[in-house]
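For reference, the structure is listed below as structure tokens.
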There are 2 protein chains.
Amino acid sequence: MSEGIDGEGATQGPPRETGQGAGWYDADDERRFLADYDPNAFAPAAVTVDVVALTIRAGLPRVLLGRRARQPQRGRWALPGGFVRARAGSAGPADPDLPDAALRVLTEKTPLPAEIHLEQLGTYGAIDRDPRMRVISVAYMVLAPDLPDPHSGRDTAEAAWVPWTALGHGEGAGTEHELAFDHARILGDAVERARSKLEYTALATAFLPPAFTITALRGVYEAVWGHTLHAANFHRKILATPGFVEDTGELAERGGAGGGRRARLYRAGGAALLHPPLLRGSP
Amino acid sequence: MSEGIDGEGATQGPPRETGQGAGWYDADDERRFLADYDPNAFAPAAVTVDVVALTIRAGLPRVLLGRRARQPQRGRWALPGGFVRARAGSAGPADPDLPDAALRVLTEKTPLPAEIHLEQLGTYGAIDRDPRMRVISVAYMVLAPDLPDPHSGRDTAEAAWVPWTALGHGEGAGTEHELAFDHARILGDAVERARSKLEYTALATAFLPPAFTITALRGVYEAVWGHTLHAANFHRKILATPGFVEDTGELAERGGAGGGRRARLYRAGGAALLHPPLLRGSP
DNA sequence: TCAAAAGTGTTTTAATTACACCCATGG
DNA sequence: CCATGGGTGTAATTAAAACACTTTTGA
């Protein structure tokens, strides 16, 4: 990990030769080295996590945002985020790994269900992305079913599930919904990732409750991709894809608002990847 | 970016209210805030980059590794890596962005051609991944054509393009080629990413020189995927995929070793994504 | 002239699409 | 009993896989 094979600052003092020349791995020598090591001899950097939590509510794809109550970028909408706890301190225990940090900052905003899809999106570290200092931010994407309204949290004036279509990924400068820092870019990357992963993975079920209808599943695709799909062919294709969904044997409560047959309920199947994939370019 | 909307340590002192209540964005207030800001009030973390540079040489897929000349993990093979330069200092100027840091540590090992594919793989930050301290490492993947032998560099006893099949991604514990830290996991993630991206992107050409034959392109797929492909159908499919390759009008120097027709030379086309994709499951 | 590699034709098979139609339910 | 949404049948289209075959070159 870490400094790998080279890297300035990666070693302290001259190399400790132990008579083996080119140097094969020696566990005793390593133990002596670590006993002498000073962890504060390195140039520090601030590391944060930002979470793009996506859901679908009322047919619209939405992202969890909070309006910043403090400087910098006070008043702007921003992704939930926070510093990674590198070690235990007054604020609490250390985050064992980066996903723990992501879930920690997210649960400050909203309760989470037992099953949640969390994946790393990417890391953003441009030198000018935060006006205060060099900050390197690891972004995560969360896909969740429709959740209760969020609470605002300590540094947030308000928090809400905002339709991402209102944000104009990357553009939207000067609008009411302009995002703080480079969060518009991070959101744009998350949306593109989600759109693309619906094609070749079974991820769409992460947006739904444990039991759902094929029509609800189609609603996920239509909301995320932004266009309608052929209902009959979609239905058949889902059922023909091994492991995508499993029949629960139950039926949904009622048909559509103005009548209609009651739909069968399915649960997510075991498959992670779809063979064959669903392609986006279909009507 | 950075601390997003919440995050402990994200603010210093009480919020500065300016009489606007819920707080809309105010550029003047932000300017005053930044003038007072102390960048050293944060818990630091070490941030590094590690680079998985992949190529194909003599029909084998290979990764650039160096043998560590210093503790910790002295004698083990490791990925090229180094600390991100958060700000300018005695070691040199700051890295403007993370990809700059990745290219910097890579050019310490090998000269690079003009065109190079660099993409971020992911960030690794488990609390125990480095025995010295909490280190968060941003991993990059580079795909390169066959390059000259690498130079060893300051902290490296030797450097080489090692066939990744000899490394057993993630396993290989106790073998001569066991990797340092969590580099086996990072390499495994890179290999899986490369295998998967060959399916639906035109990335295979990144492993080849500017002009190449369809057979050489097939060799890339066969090396990375680890099985042979049907030559005739592969040929046709490549040419049928719009924008994958363009005919140069030239022919390769000679046919195969023991005779054979001279192959046409192609260059990479403009397309980034393949429609339709090439699927891995084909003989 | 023979073997090796490049490249084309053609048949078989499977997946996708489009459109027609039946089923179940609420008003 | 009819509008609405769920669900199935089936033919037309298109892409993939398998296999046979021609072309070009080096030894």
Side-chain angles (χ1 to χ4, degrees), chain A residues 59 198-200 208 211-222 225 227-266 271 273-283, chain B residues 59 198-200 208 211-222 225 227-266 271 273-283:
Chain A
L198 288 200
E199 289 191 299
Y200 58 94
L208 295 171
F212 52 84
T213 64
I214 299 289
T215 301
L217 185 63
R218 177 162 50 86
V220 171
Y221 279 89
E222 293 180 335
W225 286 352
H227 59 80
T228 59
L229 295 167
H230 186 125
N233 287 340
F234 181 87
H235 192 109
R236 201 177 352 226
K237 197 155 169 178
I238 296 305
L239 296 183
T241 302
F244 196 171
V245 296
E246 293 170 2
D247 198 333
T248 63
E250 318 256 301
L251 293 181
E253 291 296 298
R254 53 197 146 171
R261 185 167 164 177
R262 293 170 64 196
R264 230 187 281 269
L265 284 172
Y266 295 84
L273 263 29
L274 301 184
H275 286 289
L278 279 84
L279 295 179
R280 237 187 286 192
S282 326
Chain B
L198 288 201
E199 290 191 299
Y200 59 93
L208 295 171
F212 52 85
T213 65
I214 299 290
T215 301
L217 185 63
R218 178 163 49 85
V220 170
Y221 279 89
E222 292 180 336
W225 286 352
H227 60 79
T228 58
L229 295 168
H230 185 125
N233 287 340
F234 180 86
H235 192 108
R236 202 177 352 227
K237 198 154 167 179
I238 296 304
L239 296 183
T241 302
F244 197 171
V245 297
E246 293 171 2
D247 198 335
T248 63
E250 319 255 303
L251 293 181
E253 292 295 300
R254 52 195 148 176
R261 184 168 166 175
R262 293 170 63 197
R264 230 188 281 270
L265 284 172
Y266 295 85
L273 264 29
L274 301 184
H275 287 289
L278 280 83
L279 295 179
R280 235 187 288 193
S282 327

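Chain A is the first sequence line, chain B the second, and so forth, proteins listed ahead of strands; every chain is numbered from 1.
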- Item | Side-chain donor/acceptor of B:Arg261 to base of D:dT23, under 3.5 Å | yes
- Task: Look at all strands and tell whether B:Thr213 reaches a base, only sugar-phosphate, or nothing, counting heavy atoms closer than 4.0 Å.
- Result: nothing
- Task: To the nearest Å, give me how far apart NE2 (B:His230) and C1' (C:dA5) are.
- Result: 13 Å
- Query: Can you tell me how far P of D:dC19 sits from CZ of B:Phe234, to the nearest Å?
  - Reply: 20 Å
- Here the gap from B:Leu274 atom CG to B:Ile238 atom CD1, rounded to the nearest 0.5 Å, amounts to 7.5 Å
- Please name all residues satisfying ring pair (Phe, Tyr, Trp, His ring centres under 6.0 Å) with B:Phe234, sequence neighbours left out, ordered by chain then number. B:Tyr221
- Give me the one residue out of B:His235, B:Lys237, B:Arg236 that meets side chain to side chain contact (heavy atoms under 4.5 Å, CB included) with B:Asn233. B:Arg236
- Note on the structure: Separation of C:dT16 atom P from A:Leu274 atom CG, nearest Å, is 11 Å
- Message: So, OP1 or OP2 of C:dG7: does either fall under 4.0 Å of a side-chain N or O from B:His235?
- Response: yes
- A:Arg262 has an atom CZ; how far is it from atom C1' of C:dA24, in whole Å? 10 Å
- Task: Quick one: list whatever passes side-chain hydrogen bond (donor to acceptor under 3.5 Å, both in side chains) with B:Arg218, sequence neighbours left out.
- Result: B:Glu222
Quiz: residues 242-252 of chain A side-chain donor-acceptor pairs under 3.5 angstrom, not counting sequence neighbours:
residue	atom	partner	partner atom	Å
A:Glu246	OE1	A:Arg267	NH1	3.1
A:Asp247	OD1	A:Gly249	N	2.7
A:Thr248	OG1	A:Glu250	N	3.2
A:Thr248	OG1	A:Leu265	O	2.7

- Heavy-atom pair with the smallest gap, counting every atom of A:Ala263 and A:Thr213: CB-CG2, 3.6 Å
- Item | Contact letters for nucleotides 9-14 of chain D, in which S counts primed atoms plus P, OP1 and OP2 and B counts the base, heavy atoms under 4.0 Å | BB----
- CG of B:Leu278 to CG of B:Leu229, rounded to nearest 0.5 Å, is 8.0 Å
- Item | Rounded distance (Å) that lies between atom C1' of C:dA6 and atom CD1 of B:Ile238 | 15 Å
- Item | Spacing of B:Lys237 atom NZ relative to D:dA18 atom P, expressed in whole Å | 11 Å
- Spacing of A:Leu251 atom CG relative to D:dG6 atom C1', expressed in whole Å: 11 Å
- Message: Please report the distance, rounded to the nearest Å, between CG in B:Leu229 and C1' in D:dA16.
- Response: 14 Å
- Query: Taking the side chain of B:Ala263 as its heavy atoms from C-beta onward, which of D:dT25, C:dA6, D:dG6 lies nearest to it?
  - Reply: C:dA6
